[in-house]
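Reviewing the structure listed below.
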Amino acid sequence: MLTLELSVSANIYQRLSAALPGIVDVTCQPFVTHPIIKIDQQYEGHARQVMLATIGAEPTWAKVITVVDQDVDIYDMDDVMWAILTRARPDKDMLIIPETPSFYRDEARDHWGRLLIDATAPFHRRSEFVRKKLRMANDINLADWFENAT
């Protein structure tokens with residue numbers, strides 16, 4: 001992780017934790033402009049509040065902000081994308097905030113605007129969004145099957 005990514009992540013974590021409950025972890029890897037925040041949902045609208053607070057906590061780097069539940073590995077972009085694709089409705093859970101400045105040296109405004117993604121399970125329906133697991137999936141070693149197939 002780059003020093004800048006670590007610094008921005010720590011700054012966001014510290015500021016959000018001071019203002020809101022349930023902040024579990026924050027990362028800005030692999031892209032410093034994409035903070036991913038893991039929360040323990042406390043109430044309806046919690047993720048939206050976290051997304052908006054993140055803009056205030058980090059007005060320069062926070063271009064795309066994603067909030068996920070505790071069962072998501074925020075250091076694995078495949079897992080973050082899984083949460084986005086299974087828990088976020090584009091028409092309801094993604095907010096675009098246009099004409100919002102970021103980099104102070106961005107005269108062309110190429111990095112203006114924000115995309116906020118609530119990739120958390122709906123608060124009152126969380127039990128319906130528990131990850132499905134294949135029975136015995138952890139007991140199977142795929143290497144055993146490939147050795148015997150040839």
Side-chain angles (χ1 to χ4, degrees), residues 1-138 140 142:
M1 178 182 280
L2 298 174
T3 305
L4 178 61
E5 293 165 337
L6 182 59
S7 173
V8 171
S9 298
N11 178 52
I12 293 170
Y13 179 83
Q14 183 177 27
R15 290 183 180 196
L16 292 180
S17 295
L20 295 169
I23 307 301
V24 176
D25 199 1
V26 176
T27 188
C28 290
Q29 90 174 36
F31 309 107
V32 72
T33 57
H34 184 191
I36 303 164
I37 299 111
K38 181 188 292 196
I39 66 169
D40 175 14
Q41 280 194 77
Q42 306 287 309
Y43 46 86
E44 185 75 38
H46 188 192
R48 188 168 292 223
Q49 213 174 26
V50 169
M51 293 185 300
L52 293 170
T54 302
I55 295 172
E58 186 47 62
T60 301
W61 295 107
K63 183 176 181 180
V64 175
I65 300 163
T66 303
V67 178
V68 298
D69 287 308
Q70 287 184 325
D71 64 337
V72 177
D73 179 357
I74 63 173
Y75 299 95
D76 178 357
M77 282 304 293
D78 287 340
D79 212 32
V80 172
M81 282 305 300
W82 170 85
I84 292 169
L85 294 172
T86 60
R87 297 179 176 179
R89 277 183 44 186
D91 61 332
K92 177 177 122 358
D93 298 320
M94 295 183 184
L95 302 172
I96 295 174
I97 302 178
E99 296 299 317
T100 310
S102 58
F103 303 113
Y104 57 91
R105 291 185 283 180
D106 185 14
E107 294 175 15
R109 299 180 179 189
D110 291 330
H111 299 281
W112 279 37
R114 299 288 190 275
L115 173 61
L116 312 180
I117 305 169
D118 176 356
T120 61
F123 184 71
H124 295 295
R125 296 177 47 219
R126 288 184 286 181
S127 63
E128 297 173 37
F129 287 81
V130 173
R131 280 184 195 246
K132 309 298 188 265
K133 294 185 180 180
L134 294 176
R135 190 173 58 86
M136 297 175 47
N138 293 336
I140 296 173
L142 292 178

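Because the structure is a prediction, the values reported are computed rather than measured.
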Atom [atom1] of [X] and atom [atom2] of [Y]: how far apart are they, to the nearest 0.5 Å?
| X | Y | atom1 | atom2 | result |
| --- | --- | --- | --- | --- |
| Glu58 | Leu16 | CD | CG | 10.5 Å |
| Gln42 | Ile23 | CD | CD1 | 9.0 Å |
| Ile117 | Ile96 | CD1 | CD1 | 9.5 Å |
| Leu4 | Ser9 | CG | OG | 9.0 Å |
| Ile36 | Asp76 | CD1 | CG | 9.5 Å |
| Met51 | Leu115 | CE | CG | 9.0 Å |

Donor-acceptor check, side chain of [X] to backbone of [Y], threshold 3.5 angstrom: yes or no?
| X | Y | result |
| --- | --- | --- |
| His46 | Leu20 | no |
| Thr100 | Pro98 | yes |
| Gln41 | Ala121 | yes |
| Thr86 | Trp82 | yes |
| Thr33 | Lys63 | no |

>> Which residue is it: Asp118, Asp69, Asp79? I am looking for the one with a salt bridge (charged side-chain N to carboxylate O under 4.0 Å, His left out) to Arg87.
In response: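 Of the listed options, the one satisfying the test is Asp69.
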Heavy atoms of other groups near [X] [atom1], more than 12 under 6.0 Å:
| X | atom1 | answer |
| --- | --- | --- |
| Glu107 | CD | no |
| Leu85 | CG | yes |
| Gln14 | CD | no |

Using every non-hydrogen atom in the two residues, find where [X] and [Y] come nearest and quote the distance to one decimal.
| X | Y | value |
| --- | --- | --- |
| Pro30 | Glu5 | O-OE2, 3.0 Å |
| Arg114 | Pro59 | NH2-O, 2.6 Å |
| Tyr13 | Val24 | CE1-O, 3.7 Å |

>> What verdict does the side-chain contact (heavy atoms from CB on, under 4.5 Å) test give for Leu95 and Arg48, after you've listed the backbone C-alpha separation in whole Å, the side-chain angles of each residue and the deciding distance to 0.1 Å?
In response: CA-CA 9 Å; Leu95 302 172; Arg48 188 168 292 223; 3.7 Å; yes
In this structure, which one of [options] forms a side chain to side chain contact (heavy atoms under 4.5 Å, CB included) with [X]?
| X | options | value |
| --- | --- | --- |
| Ile37 | Thr120, Val50, Thr27 | Val50 |
| Asp25 | Ile39, Ile74, Val72 | Ile74 |
| Pro35 | Val67, Asn11, Ile65 | Ile65 |

>> Using the rule given for side-chain contact (heavy atoms from CB on, under 4.5 Å), can you reason through Leu116 versus Thr54, listing the C-alpha separation, both sets of side-chain angles and the distance that settles it, and then say yes or no?
In response: CA-CA 10 Å; Leu116 312 180; Thr54 302; over 6 Å; no
> Can you find a pair of side-chain heavy atoms, one from Met81 and one from Ile84, that are under 4.5 Å apart?
Replying inline: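 Met81 vs Ile84: side chains touch.
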>> With side-chain contact (heavy atoms from CB on, under 4.5 Å) as the criterion, how do His34 and Met77 come out once you've worked through the C-alpha distance, each side chain's angles and the decisive distance to 0.1 Å?
In response: CA-CA 11 Å; His34 184 191; Met77 282 304 293; 4.1 Å; yes
>> Apply side-chain contact (heavy atoms from CB on, under 4.5 Å) to residues Phe31 and Val64 and explain how you reach the verdict.
In response: CA-CA 10 Å; Phe31 309 107; Val64 175; over 6 Å; no
